[in-house]
Amino acid sequence: MGLIDIFITPLFWIIMGLLYALIIYSARYWAKDLGLKMNWWKWLLSGLWFILLILTLAGGMTLIGENEVRGGLYFLGFFLIISLILGVVLWRILSVNRKKTDR
Amino acid sequence: MSKKPAKKLSRRDFIKYSGLAGAAISLGGAAGAGYFNGKNKATHTGWGKDAYGENQFFNRKPFEAATPTYEKAGKVRRIGYLENIFKRNGELYRLMYPRDGSKPQWSLDQGIDDLPEPLRSYYRNHPGSLKEFKKAIERSRQQRKNWEKYKDQYLLADAWSAAHSSPLRGREAFPPEPDGPPEESDFKGINTKPYRLKSPQHGSRLIKKITHTFGATLVGIAPVKEAWVYQGYLRGVGKTRFDKPQHWKHAVVVAIPHEWESLYANPTYGTSYDAYSMLNFIAGKLEVFLKHIGYAARSHVPPTDYDIAMPPLAIDAGLGEQGRNGILITPELGANTRLAAVTTNMPLQDDQPIDIGVKEFCRKCKICAEECPSGAISFAEKPPAPVRGYLRWEINQDKCFTIWNTVATSHPRGCRICLAICPYSRKNNWIHRLAKEIDPYDPTGAFSSAMLAMQKGFFSYPGGEAYLPPPDGNNAVYQDPPDWLKMEEWFEL
């Protein structure tokens with residue numbers, strides 16, 4: 001089995017699924033400990049931002065993998081900057097009425 | 001000294017930091033999955049990934065159009081055989097180098113008036129065409145001289161091309177040339193006691209399944225319109241004026257791609273013959289199959305054994321639309337689409353043409369025109385004039401052929417840059433698939449404009465003359481060749 005096969009085997013995606021479950025489970029604790037008052041649309045925005053980040057990395061690397069190195073790097077650069085800006089904006093939104101906590 | 005008690009990791013913190021680590025790992029996983037998806041050869045569409053083409057097909061149903069996307073404008077007329085560059089160049093070669101070794105009947109020093117009819121009339125109407133032919137011949141002489149210099153780099157590609165073209169040459173070529181008029185030749189050896197088909201729908205489904213087993217990536221069925229049949233030359237008969245044979249009721253149109261990695265390394269590493277030889281086998285086998293079950297059949301195969309123009313036939317068969325580069329663009333293969341057809345009298349159900357917005361995309365894109373080393377592809381916003389009664393962009397065949405004679409190959413065996421760099425000619429992986437699936441559903445064209453802006457802003461193209469040998473260019477290729485075509489990987493040079 002080559003390296004390529006690891007990323008297309010069902011086992012890889014099962015592990016990825018478990019990791020996402022863990023991320024979602026732990027996100028509640030992070031939000032609480034950071035004093036964020038979350039509601040459904042804030043969770044939705046946070047989820048969409050994370051998906052954007054994932055697609056940016058996957059998209060850029062896909063292009064690099066298919067021999068479009070310049071295209072891949074520009075794609076990564078462009079969308080990582082957008083992700084960063086949106087991340088800052090998202091943090092501002094989430095931080096409104098943020099409660100300072102001990103943790 | 002008093003020691004600080006070690007802080008215990010709480011269950012809560014354990015979950016939190018596991019989640020954080022999980023996020024980092026999953027981002028890494030996404031990057032890795034993306035990278036290997038991009039690299040994966042199985043994401044090259046239509047190249048033996050799946051014998052029956054399952055999971056490769058674009059859903060055409062929502063894009064079926066009542067009429068094909070070519071636009072009728074003016075009087076429709078059939079394509080004269082001399083309007084095909086290979087047919088007219090063939091005529092000129094036969095005059096210059098008679099097959100029986102007799103004295104040449106025409107040479108490059110002579111002019112249009114010294115040519116026999118109908119060549120004389122053709123070139124009187126297209127004087128630039130003969131000038132370009134002479135230029136191409138001069139370039140081909142230089143090309144042969146240059147080969148000594150370049151063969152250390154390109155011999156593997158040349159050998160690979162020669163291997164693919166070998167089954168197409170000589171008397172043993174398959175499928176055999178038609179012998180006699182279609183009313184005789186197409187019926188030779190047919191089963192005289194055919195079974196009754198349940199319905200034309202059954203016929204179409206059967207023929208498509210069979211053709212896929214022969215190796216076809218895409219199969220469509222179209223009615224044979226008289227307008228697409230060549231005029232002035234009929235295989236098996238020779239030079240003649242003829243009407244469309246009555247039994248050419250339907251055409252089974254087959255599309256396959258070139259091997260993808262060599263395609264991207266054009267013009268020097270690729271070949272047309274890989275797809276051509278496969279098409280000859282697929283169409284030839286289908287011809288035998290159809291005759292065996294009792295129906296007349298004639299295959300029309302590349303490079304030049306056609307009695308019908310392929311792109312409009314394939315448009316009618318719903319395989320795709322014609323692009324600015326004159327090539328059929330399909331949702332699955334992009335411009336990496338090579339065509340053959342088999343005409344038959346078998347009762348079949350025709351497919352519907354589709355409209356996925358190729359014409360509008362080509363209007364905006366122009367990458368093929370910018371990258372064409374010969375300048376043969378039009379930059380015009382819209383097709384400037386009708387071609388034989390249809391509005392479409394027309395490529396300058398003569399200029400295109402001159403470049404075949406210029407690039408660093410052993411002989412003129414094509415260029416194919418316009419196939420390779422077309423934004424539709426991308427892998428069947430998730431990112432390109434997503435773009436191809438979303439774009440046709442956007443009536444505003446905003447999505448394709450955004451994709452095009454990325455294509456032009458992020459991707460690099462060598463540009464026009466860079467594909468030519470020095471001093472005009474540097475033998476550039478669109479993408480690096482695969483290792484199996486690199487001489488330096490295997491030989492001591």
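The sequence lines fix the lettering, A, B, ..., with proteins before strands; numbering per chain opens at 1.
The side-chain heavy atoms of B:Tyr264 and A:Glu68, taken from C-beta on, include no pair separated by under 4.5 Å. Two residues are said to be in side-chain contact when any heavy atoms from C-beta on lie closer than 4.5 Å; B:Trp430 and A:Thr62 meet this criterion.
Nearest heavy atoms, A:Arg70 versus B:Phe458: NH1-O, 2.9 Å. Scanning all heavy atoms of the two residues, the minimum distance from B:Gly19 to A:Ser26 falls at CA-OG, 3.1 Å. What you find for A:Tyr74 and B:Gly457 is that their closest heavy atoms are CD2-O, 3.9 Å. For the pair A:Phe12 and B:Gly29, the tightest heavy-atom approach, listed with the atom from each and the gap, is CZ-O, 3.6 Å.
For the set A:Val69, A:Leu57, A:Thr56, the entry with the most heavy-atom pairs within less than 4.5 Å of chain B is A:Leu57. Between chain B and the residues A:Leu73, A:Ile23, A:Leu19, A:Leu76, the largest count of heavy-atom pairs under 4.5 Å involves A:Ile23.
One distance of note links CZ of A:Phe75 with CZ of B:Phe459; it measures 8.5 Å at 0.5 Å rounding. If you take CG on B:Asp13 and OH on A:Tyr29, they are separated by 11.0 Å, rounding to the nearest 0.5 Å. Once rounded to the nearest 0.5 Å, the distance linking CG of A:Leu63 with CZ of B:Arg426 reads 9.5 Å. Put simply, CD1 on A:Ile15 and OG on B:Ser26 are 12.5 Å apart, with the number rounded to the nearest 0.5 Å. Note that CD of A:Glu66 is 11.5 Å distant from CG of B:Asn40, once rounded to the nearest 0.5 Å.
Heavy-atom contacts from other residues, nucleotides or ligands closer than 6.0 Å to NZ of A:Lys37 number 12 or fewer. Surrounding OH of B:Tyr441 are more than 12 heavy atoms belonging to other residues, nucleotides or ligands, all under 6.0 Å away.
Both the backbone and the side chain of B:Ile15 have a heavy atom closer than 4.5 Å to some heavy atom of chain A.
B:Tyr17 and A:Trp30 have perpendicular rings, their planes meeting at more than 60° on a 0 to 90° scale where under 30° would count as parallel.
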